[in-house]
Peer 1: 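Have a look at this one before I ask anything.
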Amino acid sequence: MRDLTIVDFLSELADRVPAPGGGATAALHAAQAAALLGMVARYTTGERYTAHAETVVAVIAETDTLRARALKLAEEDAAAFTAVTDAYRLPKGEERSGAIARALAGAAEPPARVVEAAARVVELCELLLPICNRNVVTDVAAAAEAARAALTTGRVNVEVNLGGVQDERLRAELNIRLSGVDAAVARADWVTAEVREEIKP
């Protein structure tokens, strides 16, 4: 997936194929959010921002890591969902039921990790917003909005698999991992509201 052009990826996304789908787009939202925030941090360097250099360097390093992680999760999500469709093609019986349950549990993991990555991007947006180069402050809001999309899209892509997860402990764990989504979304909304207030004519 990482070697596709944007045009080719969108063609695959629009095609009648199991993957890529919503889970991959959630991961790409997170990757774009991290990339945008990394760009803002890179514009927040130099003598003018010396007092915040340590924070900015840390944000650059972490957003680069999150961007790479999210891109990997997009690929993992596509592979996991392909495993689900393969399991449903098996002949009916106990083996098929077990394979479907295992595949659904596996398919829930990449979007759950996307949610966690996106929540961290929102935290970094909050950290960078007050100190960043004001010429690119709208990109902090853009990053927050992309992270917001990753959070909500990732959540629904976990939820769609929960019904087929037979392991009650795993199901409970996944629900716990989703429990902070609404709060993270509210924080992303706050970042955007703050930026809009600042740029208001």
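Along the sequence shown, residues are numbered consecutively beginning with 1. Both backbone and side-chain heavy atoms feed into the values below; hydrogens, waters and symmetry mates do not.
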Peer 1: Taking all non-hydrogen atoms of both residues, which atom of Ala107 and which atom of Val84 are closest, and how far apart?
Peer 2: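 What the structure gives for the nearest pair is CB-CG2, 3.7 Å.
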Peer 1: Can you name the closest pair of heavy atoms from Thr85 and Thr82 and give their distance?
Peer 2: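 Where Thr85 meets Thr82 most closely, the heavy atoms are OG1-O, 2.7 Å.
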Peer 1: Identify the two heavy atoms, one from Pro110 and one from Ala80, that lie closest to each other, and give their separation to 0.1 Å.
Peer 2: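 Minimum heavy-atom separation between Pro110 and Ala80: CG-CB, 4.3 Å.
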Peer 1: Taking the basic N atoms (NZ, or NE/NH1/NH2) and the acidic carboxylate oxygens, is any pair closer than 4.0 Å for Arg187 and Asp182?
Peer 2: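 Looking at Asp182 together with Arg187, the answer is no, because their closest N to O distance does not fall below 4.0 Å.
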Peer 1: Just wondering, do Phe9 and Leu28 contact through their side chains at under 4.5 Å, heavy atoms?
Peer 2: yes
Peer 1: How many angstroms lie between atom CZ of Arg69 and atom CD of Glu76, to the nearest 0.5 angstrom?
Peer 2: 11.0 Å
Peer 1: Between Leu124 and Val122, is there a shared hydrophobic cluster once you connect ILVMFWY residues whose side-chain heavy atoms come closer than 4.5 Å?
Peer 2: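 No, no single cluster joins them.
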Peer 1: Let me confirm one number: the CZ-CG distance from Arg113 to Leu73, rounded to the nearest 0.5 Å.
Peer 2: 4.5 Å
Peer 1: Determine, using the 4.5 Å side-chain heavy-atom cutoff (strictly less than), whether Val57 and Leu127 are members of one ILVMFWY cluster.
Peer 2: no
Peer 1: For a 4.5 angstrom cut-off between non-hydrogen side-chain atoms, does Leu71 reach Arg67?
Peer 2: no
Peer 1: Any side-chain heavy atom of Thr192 within less than 4.5 Å of one from Arg196?
Peer 2: yes
Peer 1: Measure from the side-chain N and O atoms of Thr45 to the backbone N and O of Ala41, and report whether any donor-acceptor pair falls under 3.5 Å.
Peer 2: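 Judged by distance alone, no pair lies under 3.5 Å.
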Peer 1: Using 0.5 Å steps for rounding, measure from the CG atom of Leu37 to the CZ atom of Arg42.
Peer 2: 10.5 Å
Peer 1: Side chain of Asn161, backbone of Ala105: donor and acceptor closer than 3.5 Å?
Peer 2: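 Here the side-chain-to-backbone pair does not exist.
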Peer 1: Are Ile6 and Leu13 connected, step by step, through hydrophobic side chains (Ile, Leu, Val, Met, Phe, Trp, Tyr) whose heavy atoms are closer than 4.5 Å?
Peer 2: yes
Peer 1: Look only at the side chain of Arg96 and the backbone of Leu90, and say whether a donor-acceptor pair between them is shorter than 3.5 Å.
Peer 2: yes
Peer 1: Tell me, do Val160 and Leu104 make a side-chain contact under 4.5 Å, heavy atoms counted?
Peer 2: no
Peer 1: Yes or no on side-chain contact (heavy atoms from CB on, under 4.5 Å) for Arg102 and Gln166, after CA distance, side-chain angles and deciding distance?
Peer 2: CA-CA 9 Å; Arg102 287 190 299 276; Gln166 295 175 349; over 6 Å; no
Peer 1: Contact between Leu36 and Val140 at the side-chain level, heavy atoms closer than 4.5 Å - yes or no?
Peer 2: no
Peer 1: Taking Asp77 for the side chain and Ala24 for the main chain, is one N or O donor matched with an acceptor at less than 3.5 Å?
Peer 2: yes
Peer 1: Quick check on the hydrophobic clustering: are Val165 and Phe81 connected, directly or via other members, by side-chain heavy-atom contacts under 4.5 Å?
Peer 2: no
Peer 1: Roughly how far apart are Ile100 CD1 and Tyr88 OH, rounded to 0.5 Å?
Peer 2: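 Rounded to the nearest 0.5 Å, the CD1-OH separation comes to 5.0 Å.
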Peer 1: With a 4.5 Å limit on heavy-atom distance, are the side chains of Asn133 and Val40 in contact?
Peer 2: no
Peer 1: Shortest non-hydrogen contact from Ala33 to Val121?
Peer 2: CB-CG1, 3.8 Å
Peer 1: Does the side chain of Thr5 come under 3.5 Å of the side chain of Asp8 through a donor N or O and an acceptor N or O?
Peer 2: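 Result is yes, a qualifying pair exists.
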Peer 1: Taking a hydrophobic cluster as the set of Ile, Leu, Val, Met, Phe, Trp and Tyr residues connected by side-chain heavy atoms closer than 4.5 Å, whether directly or through intermediates, do Val185 and Val115 fall within one such cluster?
Peer 2: yes
Peer 1: Answer yes or no: does atom CD of Glu95 have more than 12 heavy-atom neighbours from other residues, nucleotides or ligands under 6.0 Å?
Peer 2: no
Peer 1: Over all heavy atoms of both residues, which pair between Gly22 and Thr153 is shortest? Give the atoms and the distance, please.
Peer 2: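 For Gly22 and Thr153, the tightest heavy-atom pair comes out as O-CG2, 3.4 Å.
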Peer 1: Report yes or no: does Asp167 contribute a side-chain atom to a donor-acceptor pair with the main-chain N or O of Leu170 at less than 3.5 Å?
Peer 2: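 Between the backbone of Leu170 and the side chain of Asp167 there is a qualifying donor-acceptor contact (under 3.5 Å).
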Peer 1: Check whether any side-chain heavy atom of His52 sits under 4.5 Å from a side-chain heavy atom of Thr44, and report yes or no.
Peer 2: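 Result no, sub-4.5 Å side-chain heavy-atom pair not found.
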Peer 1: What pair of heavy atoms forms the shortest contact from Val114 to Ala26, and how long is it?
Peer 2: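 Val114 and Ala26 have their closest heavy atoms at CG1-O, 3.6 Å.
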Peer 1: Can you tell me if Thr63 uses its side chain to pair, donor with acceptor, with the backbone of Ile60 under 3.5 Å?
Peer 2: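 Such a contact is found between Thr63 side chain and Ile60 backbone.
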Peer 1: Quick one: CD on Glu145 to CD on Gln32, what's the gap to the nearest 0.5 Å?
Peer 2: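 If we round to the nearest 0.5 Å, Glu145:CD and Gln32:CD are 13.0 Å apart.
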Peer 1: Would a 4.5 Å heavy-atom cut-off, applied to side chains only, mark Glu12 and Asp15 as touching?
Peer 2: no
Peer 1: I'd like to know if Glu173 and Arg177 make a salt bridge, using a cut-off of under 4.0 Å between side-chain N and carboxylate O.
Peer 2: yes
Peer 1: Give a yes or no on whether Arg48 atom CZ has more than 12 heavy-atom contacts from other residues, nucleotides or ligands under 6.0 Å away.
Peer 2: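 For Arg48, atom CZ is not crowded (no more than 12 foreign heavy atoms under 6.0 Å).
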Peer 1: Say you draw a straight line from CG of Leu10 to OG1 of Thr25; how long is it, rounded to the nearest 0.5 Å?
Peer 2: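 The distance works out to 10.5 Å.
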Peer 1: Give the C-alpha distance, both sets of side-chain angles, the deciding distance and a yes or no for side-chain contact (heavy atoms from CB on, under 4.5 Å) between Thr55 and Tyr49.
Peer 2: CA-CA 10 Å; Thr55 298; Tyr49 304 100; over 6 Å; no
Peer 1: Is a donor on one side and an acceptor on the other found under 3.5 Å between the side chain of Thr50 and the backbone of Glu47?
Peer 2: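 Yes.
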Peer 1: Before accepting this row, confirm whether a basic side-chain N of the pair Glu116/Arg120 lies closer than 4.0 Å to the acidic partner's carboxylate O.
Peer 2: no
Peer 1: Do NZ/NE/NH1/NH2 and the carboxylate oxygens of Glu197 and Lys200 come within less than 4.0 Å?
Peer 2: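 Between Lys200 and Glu197 there is a salt bridge, with a charged N closer than 4.0 Å to a carboxylate O.
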